[in-house]
Amino acid sequence: ESYLNSAKASYDKGLVEDWVQWCSEDWASSLYHDRFPLLHASLRTLLATDEGAFDVADMLARGADEGKEDDTLNGLRKAAVGPGGTNLMPSTKKLIEANAVEFLRKNKGV
């Protein structure tokens, strides 16, 4: 869902009336790009050393160590990240946004 612009949250808010149209909007252009795996890999590398991402991963690891079920862990992750990353540390959200914009800028004409 994180790659889909918080699709479920947007649907729950009544912002999605047509899924085909939703997935055809500008925000989705990177998903269809043949170099999207490069963006994904770049984000994983950047977030591996990011404090905000570490906090979320650490919280989920503690939950797993405590034996929490997958559904519970998924709920914890969604709450920690928030729709569109609203609950992430501002520096983490900015890092993700800047990297995505740079990817789109570099790959716009490709």
Side-chain angles (χ1 to χ4, degrees):
E1 182 187 20
S2 60
Y3 289 126
L4 294 176
N5 199 18
S6 300
K8 183 179 180 323
S10 297
Y11 178 79
D12 291 345
K13 291 178 185 177
L15 300 175
V16 179
E17 294 179 17
D18 181 340
W19 283 109
V20 174
Q21 179 183 352
W22 174 261
C23 293
S24 299
E25 293 178 4
D26 288 342
W27 66 264
S29 64
S30 64
L31 296 175
Y32 304 117
H33 200 286
D34 64 335
R35 294 186 180 168
F36 180 75
L38 295 174
L39 172 62
H40 182 261
S42 173
L43 287 171
R44 286 184 63 93
T45 300
L46 286 172
L47 293 174
T49 58
D50 178 75
E51 179 184 357
F54 179 79
D55 289 347
V56 173
D58 188 51
M59 181 261 311
L60 293 173
R62 280 194 316 271
D65 289 345
E66 294 167 3
K68 292 189 178 357
E69 297 290 325
D70 288 347
D71 287 345
T72 301
L73 292 172
N74 191 37
L76 290 171
R77 179 194 54 79
K78 285 181 179 182
V81 173
T86 55
N87 295 343
L88 291 173
M89 288 178 61
S91 60
T92 301
K93 187 173 179 179
K94 189 173 186 174
L95 178 71
I96 294 167
E97 289 172 349
N99 194 263
V101 167
E102 182 63 20
F103 169 82
L104 292 172
R105 210 176 273 135
K106 284 182 178 177
N107 294 285
K108 186 175 183 179
V110 178

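Applying the side-chain contact (heavy atoms from CB on, under 4.5 Å) test to V101 and every residue at least two apart in sequence or in another chain returns R105. Not counting sequence neighbours, the partners of S42 by the side-chain hydrogen bond (donor to acceptor under 3.5 Å, both in side chains) test are N99. F54 pairs by the ring-ring contact (aromatic ring centres under 6.0 Å, His included) definition with nothing, not counting sequence neighbours. Evaluation of the side-chain hydrogen bond (donor to acceptor under 3.5 Å, both in side chains) rule for E97 yields no partner, not counting sequence neighbours.
Atoms CG and CZ, from D70 and R77 in turn, are 11.5 Å apart once rounded to the nearest 0.5 Å. Annotation: the span from E102 atom CD to N107 atom CG amounts to 9.5 Å, rounded to 0.5 Å.
Judged as a ring-ring contact (aromatic ring centres under 6.0 Å, His included), not a single pair has a partner in residues 63-86 (not counting sequence neighbours). Evaluation of the ring-ring contact (aromatic ring centres under 6.0 Å, His included) test over residues 65-99, restricted to residues two or more places apart or in two chains, returns none. Here ring-ring contact (aromatic ring centres under 6.0 Å, His included) pairs that include residues 81-106, with residues two or more places apart or in two chains, are H33-F103. Judged as a salt bridge (Lys or Arg N to Asp or Glu O under 4.0 Å), the pairs with a partner in residues 10-23 (not counting sequence neighbours) are, in order, K8-D12. Within the structure, side chain to side chain donor-acceptor pair (under 3.5 Å) contacts touching residues 79-95 (residues at least two apart or in different chains) are D50-T92.
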When the side chains of residues 55-68 are checked against the rest of the protein, which donor-acceptor pairs come out under 3.5 Å, sequence neighbours left out?
unit_1	atom_1	unit_2	atom_2	d
D58	OD2	R62	NH1	2.6
E66	OE1	K68	NZ	3.0

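No continuous path of ILVMFWY side-chain contacts below 4.5 Å connects L15 to Y11, so the two sit in separate hydrophobic clusters. Under a hydrophobic clustering in which Ile, Leu, Val, Met, Phe, Trp and Tyr are joined whenever their side-chain heavy atoms come within less than 4.5 Å, directly or via other members, L43 and F36 fall into the same cluster.
For the pair L73 and L76, the minimum side-chain heavy-atom distance is below 4.5 Å. Taking 4.5 Å as the limit, some side-chain heavy atom of I96 sits within range of a side-chain heavy atom of L88.
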